[in-house]
Colleague: 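Can you keep this structure in mind? I'll have questions shortly.
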Amino acid sequence: MTGSKRGLGHFRSLAGAAFAAVAGLMALAGPAQAQDPIRLGGEVQGRLQDGDAQLTSGEYVDVYVFEGRAGQQVTIQMSSGDLDSYVMIRGPSGFAEFNDDRDEGDVDSQLTVRLPATGQYRIQATTFSPGESGRYSLSLVEGTGPQIAARGGGQAETGTSVGQLSSLDSAISSGEYADSWSFSGTPGQTYVVRLNSAEFDPYLMVRGEGVSEDNDDDQTGRGTRNSRIEFVMPDTGEVSIITTSYEVGETGAYTLVLEEAGGVTSVASASGSTSALRLGQTITGRLQDGNDTLRSGEYIDIYTFSGQAGDHIEVTLRSDQFDPYLFVQGPGEFAVANDDDESGEDGVNSRLVLTLPASGEYHVVATSFAPGETGTYRLALSSTDAGSVQTAASPRAGNSFVDGVALSGSLSASDEQLTTGEYTDRYVISGRRGDRVALDLQSSAFDTYLFMRGPDDMSADNDDGPNGTNSRIDVTLPADGDYTVSVTSFAPGEVGAYSLTAGLSMGTPRQAGVQGGPRVFAIMVGISDYGGFAGDLAYTADDAIKLAEDLRREGVLNPASIVLTDAEATVDGVRRAFAEVAAQAGPDDIFLFFYSGHGSQEAGSYSALEPDGRTESIVMRDGLITDAEMAELFDTLDTRLSLIVLDSCFSGGFARNVVDRPGVIGLFSSEEDLTSQVAVKFQAGGYLSHFLRTGLTGEANMDGDDLITAGELTTYLRRKFAAEVMDVQTQTMDGQRSYQHLVVERGGVQVDDVVIRIDRG
C-alpha cells in the first residue's frame with residue numbers, strides 16, 4: 001500500500017519476520033503493514049497489491065486508524081472500479097462491524113456505525129475474494145454520510161452533509177472556490193455549524209437577514225484548522241452557509257455539520273462559580289468528575305483576573321496526568337487558545353503569551369485536550385514586562401532604524417520610574433516589517449537593562465549582552481510602525497550616563513559572517529524502485545528530486561550537488577558522491593546529506609554507540625550503509641555546518657554515531673527502534689522530507705530576516721510533527737506499538753547558528 005512501513009519488513013529475505021498481527025475477527029497473515037491515519041472528513045487513495053498484508057483467508061488488506069469518541073456516529077465508504085470492496089472496522093473491547101455491498105448489486109462498501117467507546121479504531125480496507133488487486137478510495141465522515149451534493153452545494157439539514165471544493169465550483173470575490181448551502185430553521189433558535197476538512201484549510205461564512213458571520217479557525221477546536229460558527233436563526237428562518245477555503249485555489253472533500261446549539265455556549269458562562277487569579281500567582285487545581293464540561297465533553301475549571309489594555313502576560317497550564325489545553329476569553333469577544341507550547345520545548349503542556357486588547361475582566365479556562373481526562377494541574381499567570389511605567393510620559397525622541405540612531409542620555413532621580421523602582425528613559429524609533437535591527441545600551445555608571453515593545457505584541461528584553469553589564473537586543477521587526485525602547489537599570493535607584501545606538505543588523509557576529517548564495521553542497525538520495533532488493537515505496541524518489549528543485553529555486557544549492565534516485569542510488573554511488581562533493585565544500589559552506597527510503601536494523605554488539613546492541617542502516621539499491629560507515633563519511637567534511645537528514649525507519653540510531661563533533665546537526669524521522677511512515681496525505685515519501693522542503697523554502701524563516709537558523713528550523717519541524725504526525729502509529733521489529741516522533745540532535749550547533757542565508761536580491 002502507498003502508506004506502508006519503510007523498514008526491514010519489506011525485504012523478501014525477512015518476509016517471515018515476527019510482526020504483531022492485527023487483532024479482529026479476521027487476522028492478518030504475514031508481515032503487518034502500516035496503520036495509516038485517516039481523519040474525519042478525509043479521503044485516502046490506496047492500492048491493494050502483491051506485497052500487502054493479507055487476511056488469514058488470503059485477501060490483501062490495508063489498515064487505517066482514527067481516534068473516536070463514545071456515541072459518535074461515523075460512516076466509512078470504500079469505492080473501486082478495479083475490485084469488489086469489503087470494509088471492516090475494529091475497536092475497543094472487541095467491537096467489530098463489516099460490510100460487503102452498500103446496496104444490492106453494488107460492489108462498493110459503506111458502513112455506518114455508532115462508536116461504543118472512546119479510543120482508537122482500525123479500518124480494514126480489503127476485498128470480497130482472495131487475490132483481488134487494484135486501486136480504491138476510502139472516506140470517513142461523521143454522521144450518516146449522505147451522498148455528495150451537486151456542485152454548488154445544496155439544501156442543508158441538521159446533521160452531516162458531505163461536499164467537495166473543486167476547480168469547477170464558482171469562486172467568491174477574493175478567488176477561493178466555494179459551495180453555497182441554504183438552510184431553513186426555526187426563527188430564534190441557536191445553531192452551530194462546523195466545517196471540517198483534512199484536505200484544505202476550511203473557511204466558513206453564514207449570511208442571512210441580520211446575520212453575517214465568518215470564521216477561519218475555531219479557537220476552541222483543539223488546535224485544528226477547522227471552522228465553527230454559532231448563530232441565531234433570523235425571523236425569516238433561512239440563511240446561506242458558504243463553505244470555502246482560507247487560501248485561493250484550495251480543493252478537496254469536506255464535511256458540513258449543522259446542529260441545534262446545546263450545552264455550554266460560552267466557557268465564560270459555563271459555571272456559576274469561578275476562582276480569582278492574580279498576576280504572579282500559581283494555582284494547583286484538579287480536573288475531575290463533577291466539574292463543568294465543554295460541549296465536547298472535556299472537564300473545565302474557570303479563573304478570572306482583571307487586566308489593563310496593553311498588559312503583557314503569560315499563562316501556563318502544566319500537568320503530568322493529562323494533556324493540558326488552555327484558553328483565555330475577555331472583553332470584545334477576545335478569545336485565544338493553546339494546545340501545546342509553540343516553542344516545542346515543553347511537551348504537551350500549554351502556554352499563552354499575549355497582550356491584552358482592552359481593560360476589563362478576563363477568563364482563563366483550564367481544560368484537557370481529550371474528553372474525560374482528569375488529574376491535577378498547575379496554572380500560573382505572570383507579567384512578561386520588565387516593569388510597567390507608573391506615568392505615561394511622551395517619548396523623548398523619534399528616529400528610524402533605517403537611518404540609524406546614536407543617543408546619549410542620563411538616568412536621574414527626576415526620570416519616570418518603573419513600578420519596581422528603576423528609573424527609565426523612553427524613545428520611539430520607527431521600523432519596517434522584516435528589518436533585522438540591533439540596539440546597544442552601554443554605561444560605565446550602572447548595570448544597564450534594555451527592553452523594547454512594538455506592533456503585533458512584539459516584546460524583547462536584555463539584561464547583559466555579550467560584554468559585561470551592557471545590554472544588546474538583536475531582533476527582526478514583525479510589522480511596520482513605531483517601537484518604544486526603554487532604557488533602564490538592573491537594580492532600583494541606579495543613575496548615571498549612558499549611550500544608546502540602534503540600526504539595521506546583519507545578526508550576531510556568528511550570523512554576520514555567514515555568506516549567502518549557492519553555499520549548500522548536497523547529496524540527495526531517494527529510492528522508490530528497489531528493483532527487487534526491497535519493497536518499492538511511494539514518493540521517496542520524488543522527495544530527493546523536489547528538494548533539489550526547491551533549493552535550486554531559492555538560489556542556495558551549489559551546482560556541485562548530486563541527486564541519486566532508484567538505480568543510481570547504490571552504495572558505491574553514495575561513496576563516490578561524498579568523495580566528489582566533500583572535496584569541493586569548504587569552511588564557508590554547508591553540507592547536506594538527505595535520504596528518503598527504507599531503513600533497517602540488525603543485531604550487533606553492545607557499546608556506548610549501540611546501547612541496544614543493534615546496528616542501524618539505510619538501504620541502497622544494492623546494499624546497506626551503516627551508521628558507523630556514515631560517521632566515517634562525515635569525518636571527511638570540512639564545512640561550516642553539516643546536516644544529515646534521514647527519513648527512514650530506525651533512523652534515530654544514526655544520531656550517536658554521526659553527531660559526534662561540532663558543527664553537525666542530525667534530523668531523523670523516527671526513534672532508533674521504530675518504523676517511519678509514508679506521508680500519503682502530502683504525496684511525500686515521509687513527513688520529515690515534506691516539512692524539510694517547506695521549512696527551507698521559507699516557512700521556517702519565522703522572523704522574516706532571510707536567515708533560517710538551527711533554532712528556527714528545528715522548532716518549525718517539531719511544531720509540524722506535533723500538529724501532523726503526533727497520532728501516526730509505528731512499531732518495533734518485534735511488533736511493539738508506538739507513535740512516530742521526530743528526533744533532533746543539534747550537538748554543538750547553537751540555536752542562532754545559521755543553516756542558510758537566503759538572498760532576495
Side-chain angles (χ1 to χ4, degrees), residues 39-43 139 141-143 145-185 187 189-261 332-337 433 456 479 681-683 694 698-699 723:
R39 295 186 177 183
L40 284 171
E43 181 174 345
S139 64
V141 298
E142 188 171 11
Q147 295 296 309
I148 293 176
R151 186 173 74 251
Q155 182 70 32
E157 299 179 355
T158 53
T160 301
S161 299
V162 183
Q164 181 90 21
L165 289 186
S166 76
S167 58
L168 299 177
D169 288 337
S170 58
I172 59 179
S173 59
S174 50
E176 296 84 359
Y177 300 122
D179 289 341
S180 181
W181 303 76
S182 61
F183 171 59
S184 296
Q189 172 66 46
T190 300
Y191 292 91
V192 174
V193 58
R194 290 180 283 131
L195 178 62
N196 302 330
S197 178
E199 299 182 18
F200 62 88
D201 188 351
Y203 197 97
L204 185 62
M205 297 180 281
V206 176
R207 298 290 186 267
E209 185 175 329
V211 177
S212 181
E213 299 285 347
D214 292 38
N215 180 262
D216 172 21
D217 297 330
D218 176 10
Q219 291 286 358
T220 62
R222 330 313 294 163
T224 71
R225 301 186 303 174
N226 293 324
S227 300
R228 176 185 181 276
I229 291 176
E230 186 168 316
F231 66 96
V232 177
M233 182 61 64
D235 291 340
T236 61
E238 183 170 313
V239 297
S240 293
I241 299 172
I242 297 94
T243 54
T244 184
S245 61
Y246 181 76
E247 298 284 355
V248 174
E250 290 187 283
T251 60
Y254 63 83
T255 56
L256 182 67
V257 181
L258 180 63
E259 57 193 1
E260 292 185 357
E333 299 184 354
F334 174 77
V336 291
R433 180 181 183 275
D456 285 3
K681 65 177 290 185
F682 296 114
Q683 294 188 327
T694 58
E699 289 190 14

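Just so you know, residue 1 is the first one in the sequence shown, and it goes up from there. Computed from a predicted model, the values in this text were never measured in an experiment.
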Colleague: Which residue in the set Asn196, Ile241, Asp179 passes side chain to side chain contact (heavy atoms under 4.5 Å, CB included) when paired with Leu256?
Modeller: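 Exactly one candidate clears the test, Ile241.
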
Colleague: Answer whether the closest heavy-atom distance between the side chains of Ile242 and Arg207 falls below 4.5 Å.
Modeller: yes

Colleague: Just by distance, do the side chain of Thr244 and the backbone of Tyr177 share a donor-acceptor pair under 3.5 Å?
Modeller: yes

Colleague: Closest heavy-atom contact between Phe200 and Ser245?
Modeller: CD1-CB, 3.8 Å

Colleague: What closest approach, in Å, do Met205 and Ile172 show between heavy atoms, and which atom pair accounts for it?
Modeller: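 Heavy atoms only, the tightest pair is CE-CD1, 4.1 Å.
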
Colleague: For a side chain to side chain contact (heavy atoms under 4.5 Å, CB included) with Pro202, tell me which candidate from Leu165, Leu195, Asn215 qualifies.
Modeller: Leu195

Colleague: Which value, rounded to the nearest 0.5 Å, describes the distance between Asp235 atom CG and Glu209 atom CD?
Modeller: 7.0 Å

Colleague: Which heavy atom in Ser184 sits nearest to a heavy atom in Glu238, and how many Å separate them?
Modeller: OG-OE1, 3.4 Å

Colleague: List the atom of Val239, the atom of Met233, and the distance in Å for their closest heavy-atom pair.
Modeller: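 Closest approach of Val239 to Met233, heavy atoms only: CG1-SD, 3.8 Å.
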
Colleague: Keeping Thr190 on the side-chain end and Val232 on the backbone end, is there a donor-acceptor pair under 3.5 Å?
Modeller: no

Colleague: Where is the tightest heavy-atom contact between Gln164 and Tyr254, given as atom of each residue plus distance?
Modeller: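 That would be N-CE2, 3.3 Å.
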
Colleague: Where is the tightest heavy-atom contact between Thr251 and Ser166, given as atom of each residue plus distance?
Modeller: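 Answer, listing the atom of Thr251 first, then Ser166: CG2-CA, 3.8 Å.
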
Colleague: Measuring only between side-chain heavy atoms, which start at C-beta, is Glu247 closer than 4.5 Å to Asp201?
Modeller: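 Side-chain contact under 4.5 Å: no.
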
Colleague: How long is the span from the CG atom in Leu204 to the CG atom in Asp214, to the nearest 0.5 Å?
Modeller: 8.5 Å

Colleague: How many angstroms lie between atom OG of Ser197 and atom CG of Leu40, to the nearest 0.5 angstrom?
Modeller: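 Here the rounded value is 11.5 Å.
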
